[in-house]
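Right, one structure below, let's go through it.
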Amino acid sequence: MTEAHKPLNFIEQIVEEDLAGTYTKDDLRFRFPPEPNGYLHIGHCKAICISFGLGEKYGAPVNLRFDDTNPAKEEQEYVDAIKEDVSWLGYKWDKVCFSSDYFQQLYDWAITLIKDGKAYVDSQTSEAMAEQKGTPTQPGVDGPYRNRSVEENLDLFARMKAGEFSEGEHILRAKIDMTHTNMLMRDPIMYRVLHKDHHRTGSDWCIYPMYDWTHGESDYIEQISHSLCSLEFKPHRELYDWFLDQVYTGKDVRTKQREFARLNLNYTIMSKRKLLKLVEEGVVSDWDDPRMPTISGLRRRGYTAASIRNFIDAVGVAKRDNVIDVALLEFHIREDLNKTAPRVMAVLDPVKLVITNYPEGQEEWLDAENNPEDQTAGERKVPFSRELYIEREDFKENAGNKYFRLTTGKEVRLKNAYIIKGGEAIKDASGTITEIHCTYDPESRSGSGTEASKRNVKGTLHWVSIQHAVKAEVRLFDRLFSDENPDGHEGKDFMDFINPNSLQIITGYLEPSLQEVSTGDIFQFQRMGYFNVDKESTKKHLVFNRTVGLRDSWAKKKPKQQQPQQQGAQKPQQQASPLSVINKLGKKLANLPEEKRLKTVADIHKYAVELTEEEVQGFFNTAAKKVGTRLAGLESLYAFAKAQEKEPKDIEGAAAFIEKAREDNNELLQEAASRF
RNA sequence: UGGCCUAUGGUGUAACUGGCAACACGUCGGUUUUUGGUACCGAAGAGUCUAGGUUCGAGCCCUAGUGGGCCAACCA
């Protein structure tokens, strides 16, 4: 039983190493620490899945901690929304914590720092302090208040807390090193005065701790073993550790910060501030607008928690900057919904179809499968009659034989119903088709088992009986931005790239079984995509969102048909050149087993005959470390010269190339070179 | 005139820690199909940023360069 080694991402490896070292399983504890100043988005899902995923993997607790140290931006509304989103994703936190719960402890520790001479009150303007701070390339200088006495610092800090000062008059700074190469270590601010009510502590405090002073200490208080965050916090790690050193007892878990690359999605922005702007300017209806990349937006759009978790899993965890294609997200929602969504019929762009030989006034209730992917899903009845709606796109008077849908004189199947033959198309004055006539084959009813019903026809159309149809508002979404990287253009604002057609509202005609639906129900409108019931939907006025379309290989083919290959021979399926084949073969030549190597050499000889002299010469300046390639070069030279009936040494540069190989430590190179 | 991080098909992530670069998405082709969906089969596509070095052997280790990212909020 050799179980395959499941590759661990680098964070899991760190945890494994710690477990192999001084940590026990009981020491493990993680946390997800959002600031409650906005809604969570798909980028946060990565952070959530990493920490909560680790919690699930190791059976370790994960805290949900609200990093609420800035009362100016934070609100209870966001706390509630964040909790809802995390639970919806399917994660269970151990404790809900708030940084604000630690304000007293943080204050006490700050006093200790002051007493140790490691913090001081600075009373300059922020401009003056910024001046002294230097730049990334230039060291900072000490400010005039840096060496205040402990007593004075204690006094001033106590009065800051007591509310004696207005905002901006004094701040508390850590005393570290104003010339440090890491800007964050140049006496970072620990406390500022803010005369604002906090959503949890009210008016208890008028000094508030800064992120760096709060975060690591909160991790420590909660005994978080691994504090995971995104890459832009890497420079903060040094300060995180410095602050931790000031309070660490040496007897308990010393938390460590590690950083991973955040998730980026093309055609999407991922900044709370900018998403807020979309909401405030009315570009979208709210944080949960189905076009938003927020968790609540995706949820309303019809995305499932499972699909998002699978997506995050597929994306992986690493340290290099990345941009994920939204197509991957779409793949995962289709994958999930394909297995679970009941199939129904709905016509979104209707044209009337009259079955001229079907008795007027007659109706039939036909059997329809609910989900071919799930045999337990059962069947339902769908009404059929003489007058139906079909999709306008599904009829063309004359079309090529690549068109599988309804055309005059050709047969097509109506899903779950009969085979029909296209007839006359009635048009209005402007030439638009208002009505299509057809005839049906009464013997061909689906599932009847007759020969006629088993007849093979190329196309199958969805339809809905006009008299039974249920009207609904259907919202079709396109990406919010027309540019792949709306945030990444110098001199242009992301607002410049807003896609004006990101929302299209139409009226669809649905089969009557859809009359009874409730918010969140998900269906596949066959051939049209996946749709869910919006929260604004009522019995009187149904509203559906299109979550995502079906994969559509026909849509991709269509444009090609209309303008066949006029762009010149695009990429004439480049035959692999002998040179590239040799390069490929040569690559691993140096460390192949004997037998395989000899075979590869023989192959190289075969291909080398087709090389040009220039190509052979190309090998001569191969990097010394590329032993395999040099080997292949020697073999090529050998075979090439032989085929050309030349002396190898007559080829320019060959002599030096061979000589260098002869002198190499590698036996294979020596051997190959000695042949010349 | 700096520090830190990073570099593998079009995209993302692997490569069991130095031994024939794999998986997924995407793309293209085929089979099946009462969804031009699904499923299944197949193909193309990188030789691992560059230059040196260590090694029998380097995507992996070392050095230098180059490209990209982050760092100068009383934000987090």
Side-chain angles (χ1 to χ4, degrees), chain A residues 4-9 33-35 37 67 69-70 72-73 126 129-130 133-140 167-168 170-171 180-184 186 189 191-194 208 210-212 214-215 231-238 259 261 266 272-273 314-325 327-328 330-332 334 338-339 343 345 369 372-373 402 404-405 413-417 419 446-447 453 456-462 524 526-529 550-557 573-574 583-584 587-593 596 600 623-628 665-668:
Chain A
H5 177 85
K6 162 103 161 76
L8 301 175
N9 67 48
E35 182 188 8
N37 68 342
D67 219 340
T69 58
N70 184 357
K73 297 197 292 181
S126 59
M129 286 190 281
K133 200 163 186 182
T135 69
T137 55
Q138 284 172 320
E167 295 182 11
H170 303 282
I171 49 119
H180 204 286
T181 51
N182 183 348
M183 299 277 300
L184 286 158
R186 324 240 258 230
I189 296 174
Y191 276 95
R192 77 286 211 188
V193 173
L194 245 31
Y208 291 92
M210 300 286 289
Y211 166 82
D212 286 294
T214 309
H215 201 96
L231 232 35
E232 65 267 30
F233 288 96
K234 180 66 215 285
H236 292 253
R237 185 149 119 196
E238 202 170 11
E259 311 82 12
N266 59 11
K272 276 194 222 170
R273 207 194 84 235
V315 157
V317 180
K319 286 207 276 197
R320 64 172 160 160
D321 294 326
N322 58 77
V323 182
I324 312 291
D325 194 332
L328 187 62
E330 292 178 351
F331 165 80
H332 284 283
R334 287 194 190 106
N338 173 53
K339 285 178 297 195
R343 317 288 139 127
M345 293 198 286
E369 207 178 10
E373 302 293 316
K402 285 266 170 61
F404 300 164
R405 308 177 184 186
R413 185 187 304 275
L414 292 176
K415 178 85 184 168
N416 303 317
I419 293 173
S446 290
S453 73
N456 227 352
V457 288
K458 205 73 166 162
T460 302
L461 309 185
H462 63 278
Q524 185 195 97
Q526 281 179 113
R527 305 207 302 141
M528 293 282 107
L550 261 24
R551 251 183 101 232
D552 190 353
S553 49
W554 168 241
K556 285 181 211 156
K557 277 179 185 159
Q573 193 42 285
Q574 202 169 30
N583 268 320
K584 187 170 183 166
K587 184 68 185 156
K588 289 287 172 187
L589 199 52
N591 48 1
L592 241 39
K596 215 157 185 170
T600 306
K625 77 165 180 180
K626 296 187 175 172
V627 177
N665 293 335
N666 186 298
E667 286 175 23
L668 293 172

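First the proteins, then the strands, lettered A, B, ... as listed; each starts at 1.
The distance between atom CD of A:Glu330 and atom P of B:rG26, rounded to the nearest whole Å, is 10 Å. Residue A:Arg551 contributes atom CZ, which lies 10 Å from atom C1' of B:rU38 at whole-angstrom precision. One interatomic measurement links the two molecules: CH2 of A:Trp554 to P of B:rC28, which rounds to 14 Å at whole-angstrom precision. Taking atom NE2 of A:His180 as the reference point, atom C1' of B:rC4 lies 11 Å away to the nearest angstrom. Taking atom NZ of residue A:Lys319 and atom P of nucleotide B:rG12, one finds them 18 Å apart after rounding to whole Å. Residue A:Glu259 contributes atom CD, which lies 19 Å from atom P of B:rG3 at whole-angstrom precision. A:Leu328 places its CG atom 14 Å from the C1' atom of B:rG10, with the value rounded to the nearest Å.
With P as the reference atom, B:rU48 and B:rA39 are 34 Å apart, rounded to whole Å. A gap of 9 Å separates the C1' atoms of B:rU33 and B:rU38, to the nearest Å. Nucleotides B:rA21 and B:rG9, compared at atom P, are 15 Å apart to the nearest Å. Between B:rG19 and B:rC25, the two C1' atoms lie 30 Å apart (nearest whole Å). Straight-line distance between the P atoms of B:rA64 and B:rG3: roughly 11 Å, to the nearest whole Å. Nucleotides B:rG52 and B:rA58 place their C1' atoms 14 Å apart, quoted to the nearest Å. Across the C1' atoms, B:rG10 and B:rC28 are found 14 Å apart, a figure rounded to whole Å. Across B:rC49 and B:rU6, the matching C1' atoms stand 12 Å from one another, rounded to whole Å.
Contact annotation for A:Leu550: base contact, defined as any heavy-atom pair under 4.0 Å involving a base atom. Here A:Ala624 lies in heavy-atom contact (under 4.0 Å) with sugar-phosphate atoms only. Among the protein residues, A:Arg343 comes within range of the nucleic acid bases, having at least one heavy atom under 4.0 Å from a base atom. Heavy atoms of A:Val323 sit under 4.0 angstrom from primed sugar atoms or phosphate atoms, though from no base atom. Within 4.0 Å (heavy atoms only), A:Asn416 reaches at least one base atom of the nucleic acid. At a threshold of 4.0 angstrom between heavy atoms, the contacts of A:Gly447 include nucleobase atoms, whether or not backbone atoms are also involved. Nucleic acid contact for A:Gln524: base, since at least one base atom lies under 4.0 Å from a heavy atom of the residue. Base engagement by A:Arg413 is indicated by at least one non-hydrogen atom pair under 4.0 Å involving a base atom.
Nearest to the side-chain atoms of A:Asn666 among the listed nucleotides B:rC5, B:rG52, B:rC56 stands B:rC56. For A:Asn591, the side-chain atoms get nearest to B:rG57 when compared with the rest of B:rU13, B:rU35, B:rG57. The side chain of A:Val315 has B:rG12 as its nearest neighbour among B:rU55, B:rG37, B:rG12. Listed candidates were B:rG57, B:rU13, B:rC4. Nearest to the side chain of A:Lys234 is B:rC4. Side-chain proximity of A:Lys625 to B:rC20, B:rG53, B:rG36: nearest is B:rG53. Here B:rU38 is the nucleotide among B:rG2, B:rU55, B:rU38 with the atom lying nearest to any side-chain atom of A:Asn338. The side chain of A:Asn9 approaches B:rA14 more closely than any other nucleotide in the set B:rA14, B:rC4, B:rC28.
Residue order along RNA chain B, read from the 5' end via each residue's closest nucleotide, puts A:Ile324 first among A:Glu373 and A:Ile324.
A:Tyr211 pairs by the ring pair (Phe, Tyr, Trp, His ring centres under 6.0 Å) definition with A:His215, A:Phe233, A:His236, not counting sequence neighbours.
In B:rU13 the O4'-C1'-N dihedral to the base is more than 90° from 0, which defines an anti nucleotide. A glycosidic torsion no more than 90° from 0 defines the syn conformation; B:rG57 lies beyond that range and is anti.
Using a 4.5 Å heavy-atom cutoff, the side chains of A:Leu461 and A:Arg405 are in contact. Between A:Leu194 and A:Glu167 there is a side-chain heavy-atom pair separated by less than 4.5 Å.
Here B:rA15 sits opposite no nucleotide as a Watson-Crick or G-U wobble pair (both hydrogen-bonding atom distances under 3.5 Å). The pairing partner recorded for B:rC61 is B:rG53, the criterion being a Watson-Crick or G-U wobble arrangement whose two distances lie under 3.5 angstrom. Within the shown strands, B:rU6 is the pairing partner of B:rG67 under the Watson-Crick or G-U definition, both distances less than 3.5 Å. Nucleotide B:rU48: unpaired (no Watson-Crick or G-U wobble partner with both distances less than 3.5 Å). The partner of B:rG42, taking Watson-Crick or G-U wobble pairs whose two distances both stay under 3.5 Å, is B:rC28. Summarising the base pairing, B:rC74 is matched to no nucleotide, lacking a Watson-Crick or G-U wobble pair whose two defining distances lie under 3.5 Å.
The heavy-atom pair separating A:Ala590 from A:Val627 by the smallest distance is CB-CG1, 3.7 Å. Across all non-hydrogen atoms, the minimal contact from A:Asn416 to A:Met345 is ND2-CE, 4.0 Å.
Just one residue in the list A:Arg527, A:Lys415, A:Arg343 forms a side chain to side chain donor-acceptor pair (under 3.5 Å) with A:His462, and that residue is A:Arg527.
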Side chain to side chain contact (heavy atoms under 4.5 Å, CB included) between A:Leu184 and A:Asp212, worked out: CA-CA 9 Å; A:Leu184 286 158; A:Asp212 286 294; 4.1 Å; yes
Decide yes or no on side chain to side chain contact (heavy atoms under 4.5 Å, CB included) for A:Ile171 and A:Met210, but give the supporting numbers first. CA-CA 11 Å; A:Ile171 49 119; A:Met210 300 286 289; over 6 Å; no
Test side chain to side chain contact (heavy atoms under 4.5 Å, CB included) on A:Arg192 and A:Asn70; report intermediate values, then the result. CA-CA 10 Å; A:Arg192 77 286 211 188; A:Asn70 184 357; 3.8 Å; yes
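Here the CG-CD1 distance, from A:Asn456 to A:Ile419, works out to 8.5 Å after rounding to the nearest 0.5 Å. In this structure, CG in A:Asn182 is found 12.0 Å from CZ in A:Arg237, a value given to the nearest 0.5 Å. The CE atom of A:Met183 sits 9.0 Å away from the OG1 atom of A:Thr137 when rounded to the nearest 0.5 Å.
Checking the phosphate oxygens (OP1, OP2) of B:rG36, a side-chain nitrogen or oxygen of A:Arg527 falls inside 4.0 Å. For B:rU27, the OP1/OP2 oxygens have a side-chain nitrogen or oxygen of A:Lys556 closer than 4.0 Å.
A donor-acceptor contact under 3.5 Å is not formed by the side chain of A:Gln138 with the base of B:rU1. You'll find a donor-acceptor pair under 3.5 Å spanning the side chain of A:Arg405 and the base of B:rG36, going by distance alone. Side chain A:Glu238 to base B:rG3: no donor-acceptor pair is found below 3.5 Å.
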Can you check each nucleotide of nucleotides 65-76 of chain B against protein heavy atoms at under 4.0 Å and return B for base, S for sugar-phosphate only, - for none, in 5' to 3' order? ----SSBB-BBB
